[in-house]
Amino acid sequence: MSALVRVRFAPAPTGSLHVGGARTALFNYLFARGRSGTLVLRSEDTDLTRSSIESERVIEDDLHWLGLDWDEGVDRGGPYGPYRQTERRDRYGLAAARLLETEAAYPCYCTPEELEADRSAAEARGQAPKYSGRCRDLTQAQRSALESEGRKPAIRFRMPERDVYVEDLVRGSVHFPAGSIGDFVIVKSDGNAAYNFAAVIDDSEMAITHVIRGDEHLPNTPRQVSLYEALELPLPLFAHVSMILAPDHQKLSKRHGATALSEYREQGFLAPALVNYLALLGWSPGDDRELFTLDELTRAFSIERVSKSPAVFDHAKLRWFNAHYLRALPLEGRADLFVAWAARDPRIARSPELSDQRWRKRLAAAIGDHVEILSDVAPAVEELLRDDVTLGDTAREALKEGSARSLLSDLADVARHSNADGFEGATSREGLSELGRRHGVKGKALFQPIRLAVTGTEHGIELPLLLPLLGPARVASRIASALSQDS
Ligand code: GLU
């Protein structure tokens, strides 16, 4: 069966890609690539007011950024095109005509007001809203009369009065009892196909073998299954992937933080980290392995290991993955990336250090362990390159103690008389111990005053890495300024 696999990712182009959509796209990609199958990217642009070509582009860019590609779609055509639903109206029209002919569907003249009144009445009775069936059995004469009033009909599918079982590769057999679903609109009164209808016609005509999508679509599936049956079309296999929840177990939304893939990109997450993390939201390899490249995922992925229970989106875990991927970059590549992100801050964009190869690598080595996402880089570099540091009261007090002042004056002197290389030696572990010996201090009594004077803070990059990064001139001037604040 492997050569025949055809799957699709079918976003509505109404905005950028949500992390949930990205995960659905990824699972389709992994399934297709793992089985030498075909991935179709279809634009479900039937919501004319909200859909746009720009949004199609944005979604394509987001998918490409993740490292995903596809075989057929709006951008590249293919044998089953067009791949944009607004360009497929004729096909929906033909299928709707067939359903009207066999009376599997009928024209419905209900106005939005009538339908709204039905809905409120059902609600008042404590019942789930379901189409009343008002237009189900109209005679030809009644239809003509309504049409002569100027009413434009929608086309409604006559939902068969029988149980529907959706055989789902993730959820098993899901039962929808007879009568639980009302007749539903397949073509709106403006002539546009409704989602459930367009999806069935497209999946069928595009020879889709597996429909892998989010389980918010599970309630649509019995409707779609009934349409396939009425049109005597073979059913694809369905796999509904569990929702992604926020840590509070509510639906993941804006108030929990970023939800658009583009926001993660902007914050400085790396695509391989996101891919790795998203793959593990709802799929597991069956052991405790966590780190996978896209290729490794392609080999390891299987629908059988997709979980029915909701996945919880854990920002801290995603940051952990990102930190791992950043650390795994070769030093030079990491340095280039850090500098590119640092240069986004106009206060430091033109600092000569950013084009000094040695400094760049030093930076990458020094702050590498402290950076989880690339947007952490600019503030860290700005702290290194800024002219002044302000000392708090505690720091000022600490610098009055013991030999702090003489130690700092000594270090400032060394800095004033060193070039970059000499300063690197003077601030190496041994160099600093030697400085300490001159003032009878070691350990914290040696390191803490220096750190406080040059950064104003108590923790951070180890001094032998930090001091050469600041460079002798900056160390000398920061010490001078700290000592003047202290007096
Ligand atoms: N356009 C639908 C969505 O964005 C896709 C539904 C489907 O995959 O069938 O959720």
Side-chain angles (χ1 to χ4, degrees), residues 5-32 37-53 55-60 62-63 68 70 72-74 80 82-89 91-92 95 157 166-171 174 184-186 188 192-228 233 235-244 251-253 259-261 278 282 303 306:
V5 161
R6 289 180 57 85
V7 294
R8 85 305 193 269
F9 176 55
T14 54
S16 62
L17 196 60
H18 181 274
V19 285
R23 199 246 338 227
T24 302
L26 175 62
F27 282 13
N28 275 285
Y29 171 93
L30 295 176
F31 187 70
T38 299
L39 174 59
V40 175
L41 178 62
R42 181 168 76 219
S43 177
E44 299 213 326
D45 61 344
T46 49
D47 183 342
L48 301 181
T49 50
R50 296 176 57 227
S51 299
S52 71
I53 306 242
S55 166
E56 279 175 3
R57 285 293 96 73
V58 169
I59 292 171
E60 286 165 5
D62 283 343
L63 293 171
L68 308 187
W70 49 95
E72 298 170 25
V74 170
Y80 295 86
Y83 294 93
R84 202 180 260 138
Q85 289 190 324
T86 48
E87 293 168 19
R88 301 178 60 83
R89 284 192 192 155
R91 295 154 200 263
Y92 309 139
F157 179 69
V166 173
E167 304 304 333
D168 190 272
L169 295 173
V170 175
R171 310 210 135 221
V174 187
F184 58 94
V185 169
I186 53 173
K188 298 175 218 164
N192 279 310
Y195 156 71
N196 276 315
F197 191 51
V200 164
I201 304 307
D202 291 350
D203 286 341
S204 165
E205 293 189 358
M206 294 179 183
I208 297 303
T209 55
H210 296 72
V211 170
I212 305 169
R213 62 185 168 200
D215 71 359
E216 69 275 20
H217 288 293
L218 189 58
N220 289 320
T221 311
R223 294 172 173 84
Q224 296 182 8
V225 166
S226 303
L227 282 168
Y228 280 102
L233 297 171
L235 281 174
L237 295 169
F238 292 99
H240 286 93
V241 180
S242 63
M243 328 235 298
I244 301 179
K251 190 167 180 264
L252 187 66
S253 71
T259 54
L261 194 68
L278 289 175
I303 295 275
V306 171

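Note that these values count all heavy atoms, side chains included, but never hydrogens, waters or copies made by symmetry. We count residues from 1, following the sequence as given. Remember, it's 1-based here, ligands and their atoms both numbered in the order they're listed.
Using a 4.0 Å cutoff on heavy atoms, Phe9 does not count as a contact of ligand 1.
Using a 3.5 Å distance cut-off with no hydrogens or angles, the side chains of Thr209 and Arg8 do not pair a donor with an acceptor.
Residue Glu44 has at least one heavy-atom neighbour below 4.0 Å for each of these atoms of ligand 1: 1 (N), 2 (C), 5 (C), 6 (C). When each atom of ligand 1 is checked for a heavy atom of Tyr195 under 4.0 Å away, the hits are 6 (C), 7 (C), 9 (O). Of all atoms in ligand 1, numbered sequentially from 1 with element shown, those under 4.0 Å from a heavy atom of Arg213 are 7 (C), 8 (O), 9 (O). Atom numbering of ligand 1 starts at 1 in the shown order; those under 4.0 Å from a heavy atom of Ala12 are 1 (N), 4 (O).
Of the residues Asp47, Asp45, Asp202, Asn192, the one that meets the side chain to side chain donor-acceptor pair (under 3.5 Å) test with Gln85 is Asp202. Between Asn28 and the options Val7, Val211, Leu68, a side-chain contact (heavy atoms from CB on, under 4.5 Å) holds for only Val7.
Backbone and side-chain nitrogen or oxygen atoms of Ala10 are examined, and one is located within less than 3.5 angstrom of a nitrogen or oxygen of ligand 1. Looking at Glu216 next to ligand 1, no N or O pair under 3.5 Å apart turns up.
Between the CD atom in Glu60 and the CG atom in Leu17 there is a gap of 11.5 Å [rounded to 0.5 Å].
His210 has its ring centre no less than 6.0 Å from the ring centre of Phe27.
Nearest protein neighbour of atom 8 (O) of ligand 1, counting heavy atoms only, is Arg8 NH1, 2.7 Å. Protein heavy atom in closest approach to atom 10 (O) of ligand 1: His217 NE2, 2.7 Å.
Taking both residues in full, the closest heavy atoms of Ala95 and Phe197 are given as CB-CZ, 3.7 Å, listed atom of the first, atom of the second, then distance.
For Arg88 and Tyr83, the positive end is not near the middle of the six-membered ring at less than 6.0 Å and at most 45° from its axis.
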